[in-house]
Amino acid sequence: MTGGRMCRSPPREPSSAAAYLPNARTVMVEGTGHMTHVDRPEAWLDALDAFLSEP
């Protein structure tokens, strides 16, 4: 998960990292920075729940 306001790593970097991990995906949570779980906890939990609910 990444935020659209990441200043140290552009949003394209998490996507390229996910390419090396089986079953990984990148989720962009707009309006957040490095601490997505603090900036938008509901969106973070929704994305985590969706991932963990997949077979």
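All of these numbers come straight from a predicted model, not from anything done at the bench. In this chain, residues are counted from 1 in sequence order.
- In this structure, CG in Leu48 is found 12.0 Å from OG1 in Thr36, a value given to the nearest 0.5 Å.
- Considering every non-hydrogen atom in both Val29 and Ala43, the closest pair reads CG1-CB, 3.8 Å.
- When the side-chain contact (heavy atoms from CB on, under 4.5 Å) test is applied to Ala50, no partner is found at least two apart in sequence or on another chain.
- Each salt bridge (charged side-chain N to carboxylate O under 4.0 Å, His left out) pair with one or both residues in residues 41-51, not counting sequence neighbours, would appear here, but there are none.
- In the hydrophobic clustering of this structure, Val27 does not group with Leu21; members are Ile, Leu, Val, Met, Phe, Trp, Tyr whose side-chain heavy atoms approach within less than 4.5 Å, directly or through other members.
- For the pair Gly31 and Asp39, the tightest heavy-atom approach, listed with the atom from each and the gap, is O-CB, 4.5 Å.
- Listed by chain and residue number, Arg25 satisfy the salt bridge (Lys or Arg N to Asp or Glu O under 4.0 Å) test with Glu54 (two or more places apart in sequence, or in another chain).
- When atom types are taken as modelled, the side chain of Arg40 and the backbone of Glu30 share a donor-acceptor pair closer than 3.5 angstrom.
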